[in-house]
Amino acid sequence: MADLFNIGLSGLKASQTQLSVTGQNISNINTPGYSRQSALQEARQPSFSGSGYIGNGTSIVDVQRIHNQFLTNQVRASTALNSEATAFQSQLEELNVLLSGTATGITPGLQNYFNALQTAIEDPGNLPARQLFLSEAEGLASRFNTVQERLTVQNQFIGEQVGTLSEQVSRLASSIASYNDSIGKAAANGKQPNDLLDSRDEAIRELSELVGVTIVPQDNNGINVFIGSGQPLVVGNQASSMMAVPGRSDPSRTDLLLVSGGSEQDVTNLISGGELGGLVRYRNEVLDPALNAVGRLAISIADEFNTQLGQGLDLNGRVGTDLFKDINSDDQVALRSRARANNSDPNARLDVRISDAASLTTSDYEVMFSSATDFSVRRVSDNKVSGPFNLSATPPPELDGFTIELNSGGIGAGDRFLLTPTRFGAGAMNVTMKQPEELGFAAPVAAQASLDNRGTAKITQPEIVGGPQPIDKSVLATLLPATFTFDQATGQLNLSTGGGATSPDPLVITPGQTNTVEWSNGGYTFRMSLTGTPLNGDSFAASVNNGVSDNRNALKLSALQTSPVLGKTSPDAKGFSFVDGYGDLVQRVATFTSQARSESESSAAVLKQATNNRDSVSAVNLDEEATNLIIFEQYYNASAQVIQIARSVFDTLINSIR
């Protein structure tokens with residue numbers, strides 16, 4: 001009867017183990033990453049008797065982890081994609097509100113600015129109207145400053161967040177390496193350490209929330225973890241660390257270094273997936289271009305208005321002064337180039353001066369020196385390389401609307417510089433004009449027909465179509481007045497003026513048609529039109545304008561609202577206006593935002609499905625476990641009853657011997 005006793009005892013032990021495993025499942029129902037477990041039983045080796053083989057009970061041979069590696073890999077990959085999409089979208093939402101909001105966006109400020117200009121044009125001598133225009137200019141500059149500040153703060157936040165996340169990556173990498181070591185030791189007895197495997201999988205899943213990873217299984221249940229394009233983060237029980245450091249080419253940007261042993265590798269532009277991947281992607285694809293686009297717009301507005309105001313006269317008859325701060329002021333130029341820390345002279349500085357705002361792009365540039373004077377330039381946005389150029393050339397090398405020359409310091413072969421021609425333009429925009437009467441709304445030259453004319457000819461007011469910028473009124477005073485007298489015999493206008501005036505062609509007049517009258521003098525080129533029919537001796541005079549109610553130059557300022565003054569990056573490019581340029585930026589950000597929302601929603605749905613698939617196999621089901629409790633409790637009671645019967649039989653046998 002000993003066999004019956006052992007059989008009952010084996011069942012008792014097996015049912016007790018089954019109850020323990022079930023209890024473990026129930027107690028860990030809310031444990032992240034826990035995979036339910038199941039105890040595997042098998043019959044013991046039977047014993048031979050005269051009548052055949054009789055069993056010897058059961059044994060628990062293993063506690064199995066209910067796990068599907070494929071489903072776990074799907075959850076990990078989906079987690080990385082969803083975390084990246086969520087981080088990308090959250091930053092985009094903030095930028096979208098900033099650029100398109102009525103309180104912070106540039107478009108309302110531009111509209112108010114040009115509306116105030118139109119009011120001033122209607123009465124150019126009205127000081128309150130001029131003051132309103134100045135006030136709206138200050139409001140527009142303030143909007144640009146606000147956008148620059150908010151984007152700079154967002155960049156700083158990304159840098160801080162990248163630093164925090166990199167520390168978490170390092171911590172999780174160390175945990176995974178430690179789990180590898182513990183699992184290897186625990187698995188030496190040939191059995192799986194289920195809880196350690198679950199903990200390691202959960203650590204990997206948490207890591208995939210931060211950065212996309214690739215897992216390569218190894219012997220003895222070990223794994224290697226790689227990021228980016230194959231950079232090792234965990235190899236066996238050795239973990240690399242990730243560090244956030246100021247960027248080599250741009251210290252305002254936080255870069256990521258993977259430190260392994262004594263070596264460091266920049267992985268900033270290699271990583272993808274996870275929150276880190278989303279932040280870096282947003283910074284590269286959206287934030288930097290947005291900063292540059294807003295900066296380019298601010299530079300173009302300041303340059304176009306300052307240039308045009310310098311072609312007019314103010315209420316005091318003086319040449320108009322700058323409305324906005326000079327786009328090539330020393331402080332702005334100083335922000336546009338940055339030497340790498342490992343250059344032969346880290347204090348060397350290049351001067352980047354805007355020469356043609358209409359040709360500016362929204363890209364950054366990298367300057368690479370092959371010698372102390374020769375260099376090439378890589379446009380970061382499309383990796384187009386231009387050059388070679390010579391740093392000592394006169395005039396200085398020019399591309400994409402800016403020139404490059406050495407400011408100070410020494411240059412050596414292999415030196416590199418980061419150029420940011422437009423990044424800080426919005427923050428530097430500032431109204432420098434203080435008095436409204438300084439606005440150069442009047443044209444510098446006026447013309448009139450002689451009162452003694454007998455014909456029907458009329459002339460338009462002349463324009464200066466070529467010459468120094470800004471104009472020099474004292475020089476104009478020596479070149480004007482210019483008198484044109486019609487000679488009916490030759491059909492020409494005879495020009496009489498000082499300073500050696502010339503015209504590109506004989507001023508032949510076709511009566512009854514529109515005739516262009518153009519002449520040059522002292523480096524200036526003037527143009528006006530003549531219509532009607534002049535008679536012999538009719539004359540016309542162009543002189544320096546002294547009219548305070550003249551709004552002709554202000555009308556040219558107003559025309560800048562719709563003129564294609566941006567994006568002329570090639571000879572055949574048509575360009576676009578201020579409003580269209582900013583509208584394009586807002587539209588692109590809105591499109592990015594809409595796509596990011598869809599991407600976030602779809603990746604969340606994929607993650608949920610992957611998680612559900614994994615949970616359908618590995619997660620704890622309370623109903624199932626409750627059923628198992630009942631089954632294994634009955635199993636335990638039945639096994640105890642077998643032992644009780646064995647004891648009763650044994651007692652009966654003993655008593656019968658007595």
Side-chain angles (χ1 to χ4, degrees), residues 91 94-101 103-110 112-113 134-160 246-247 249-254 282-284 286-306 322-338 349-354 357 360-365 380-381 400-402 407 417-434 565-566 578 581-582 585-586 589:
Q91 300 301 316
E94 181 179 345
L95 178 62
N96 187 44
V97 171
L98 173 67
L99 296 181
S100 60
T104 56
I106 303 299
T107 298
L110 273 175
N112 295 338
Y113 176 76
L134 274 187
S135 299
E136 291 298 343
E138 291 173 351
L140 178 62
S142 177
R143 285 177 179 262
F144 274 106
N145 298 160
T146 299
V147 170
Q148 176 84 38
E149 180 183 0
R150 293 280 295 276
L151 294 182
T152 300
V153 169
Q154 191 176 45
N155 176 61
Q156 293 172 348
F157 167 78
I158 290 175
E160 294 171 358
S249 60
D250 184 2
S252 69
R253 295 291 192 267
T254 300
Y282 169 78
R283 188 175 67 185
N284 293 341
V286 182
L287 180 58
D288 287 352
L291 267 170
N292 291 341
V294 175
R296 179 179 69 169
L297 179 60
I299 289 172
S300 181
I301 291 174
D303 182 55
E304 293 290 342
F305 272 84
N306 286 350
D322 285 351
L323 173 61
F324 297 104
K325 184 177 181 179
D326 180 14
I327 62 172
N328 285 319
S329 60
D330 291 342
D331 59 333
Q332 289 199 63
V333 172
L335 293 172
R336 292 175 184 158
S337 75
R338 192 181 299 274
R349 203 183 84 195
L350 300 177
D351 276 352
V352 177
R353 299 184 180 276
I354 306 301
L360 290 172
T361 70
T362 58
S363 177
D364 295 335
Y365 298 80
V380 175
S381 61
D400 289 353
F402 61 90
N407 174 281
F417 291 79
L418 175 69
L419 306 186
T420 53
T422 60
R423 180 180 297 178
F424 303 100
M429 194 177 191
N430 183 35
V431 174
T432 57
M433 184 180 291
K434 303 303 179 184
V565 294
L566 286 171
F578 300 137
Y582 186 74
L585 171 62
V586 173
V589 170

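By convention here, the first residue in the shown sequence is residue 1.
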Fill in: Intermediate values then yes/no, side-chain contact (heavy atoms from CB on, under 4.5 Å), Glu94 and Gln154
CA-CA 9 Å; Glu94 181 179 345; Gln154 191 176 45; 3.7 Å; yes

Can you measure from [atom1] ([X]) to [atom2] ([Y]) and round to the nearest 0.5 angstrom?
{"X": "Asn112", "Y": "Ser135", "atom1": "CG", "atom2": "OG", "result": "11.5 Å"}
{"X": "Leu566", "Y": "Ser300", "atom1": "CG", "atom2": "OG", "result": "4.0 Å"}
{"X": "Arg296", "Y": "Asp303", "atom1": "CZ", "atom2": "CG", "result": "13.5 Å"}
{"X": "Gln91", "Y": "Asn96", "atom1": "CD", "atom2": "CG", "result": "13.0 Å"}
{"X": "Ser100", "Y": "Ile106", "atom1": "OG", "atom2": "CD1", "result": "12.0 Å"}
{"X": "Phe424", "Y": "Gln332", "atom1": "CZ", "atom2": "CD", "result": "11.0 Å"}

**Message:** Is there a side-chain contact (heavy atoms from CB on, under 4.5 Å) between Lys325 and Asp331? Walk through the geometry before answering.
**Reply:** CA-CA 11 Å; Lys325 184 177 181 179; Asp331 59 333; 2.4 Å; yes

Over all heavy atoms of both residues, which pair between [X] and [Y] is shortest? Give the atoms and the distance, please.
{"X": "Ser381", "Y": "Ser363", "result": "N-OG, 3.0 Å"}
{"X": "Pro421", "Y": "Ile354", "result": "O-CD1, 4.0 Å"}
{"X": "Ala298", "Y": "Gly425", "result": "CB-O, 3.7 Å"}
{"X": "Ser337", "Y": "Leu350", "result": "OG-O, 2.7 Å"}
{"X": "Thr254", "Y": "Gly159", "result": "OG1-CA, 3.2 Å"}

Test side-chain contact (heavy atoms from CB on, under 4.5 Å) on Thr152 and Arg423 and set out the steps. CA-CA 10 Å; Thr152 300; Arg423 180 180 297 178; over 6 Å; no

For a 4.5 angstrom cut-off between non-hydrogen side-chain atoms, does [X] reach [Y]?
{"X": "Thr422", "Y": "Arg336", "answer": "no"}
{"X": "Ile301", "Y": "Leu297", "answer": "yes"}
{"X": "Val286", "Y": "Leu95", "answer": "yes"}
{"X": "Arg338", "Y": "Ser249", "answer": "no"}
{"X": "Leu418", "Y": "Thr420", "answer": "yes"}
{"X": "Thr104", "Y": "Val147", "answer": "no"}
{"X": "Pro108", "Y": "Arg143", "answer": "yes"}
{"X": "Leu585", "Y": "Thr362", "answer": "no"}

Using only atom types and a distance under 3.5 Å, with no angle test, would you say the side chain of [X] pairs donor to acceptor with the backbone of [Y]?
{"X": "Tyr582", "Y": "Leu99", "result": "yes"}
{"X": "Asn155", "Y": "Leu151", "result": "no"}
{"X": "Asn306", "Y": "Phe324", "result": "yes"}
{"X": "Thr146", "Y": "Ser142", "result": "yes"}
{"X": "Asn328", "Y": "Arg353", "result": "no"}

One thing to verify: whether Asp364 and Arg253 come together as a salt bridge, which I'm taking to mean a side-chain N less than 4.0 angstrom from a carboxylate O.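 Asp364 and Arg253: not salt-bridged.
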
Requested in this report: Flag the pair Arg283 and Asp288 as a salt bridge only when some basic side-chain nitrogen lies within less than 4.0 angstrom of an acidic carboxylate oxygen.
Outcome: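 Salt bridge flag = no for Asp288 with Arg283.
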
Could you tell me whether Asp330 atom CG has more than 12 heavy atoms of other residues or ligands within 6.0 Å of it?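 No, not enclosed.
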
Count the heavy atoms of every other residue, nucleotide or ligand shown that sit under 6.0 Å from CD of Glu138, and state whether that count exceeds 12.
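More than 12 within 6.0 Å, yes.
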
Item to check | ring pair (Phe, Tyr, Trp, His ring centres under 6.0 Å) assessment of Phe417 paired with Tyr365 | outcome: CA-CA 8 Å; Phe417 291 79; Tyr365 298 80; over 10 Å; no

Notebook entry, point to check: Who pairs with Tyr113 by ring pair (Phe, Tyr, Trp, His ring centres under 6.0 Å), at least two apart in sequence or on another chain?
Noted result: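 Partners of Tyr113 by the ring pair (Phe, Tyr, Trp, His ring centres under 6.0 Å) criterion, ordered by chain and then number, come out as Phe133, Phe305.
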
Show your working on side-chain contact (heavy atoms from CB on, under 4.5 Å) between Val333 and Val352 and close with a plain yes or no.
-> CA-CA 6 Å; Val333 172; Val352 177; 5.5 Å; no

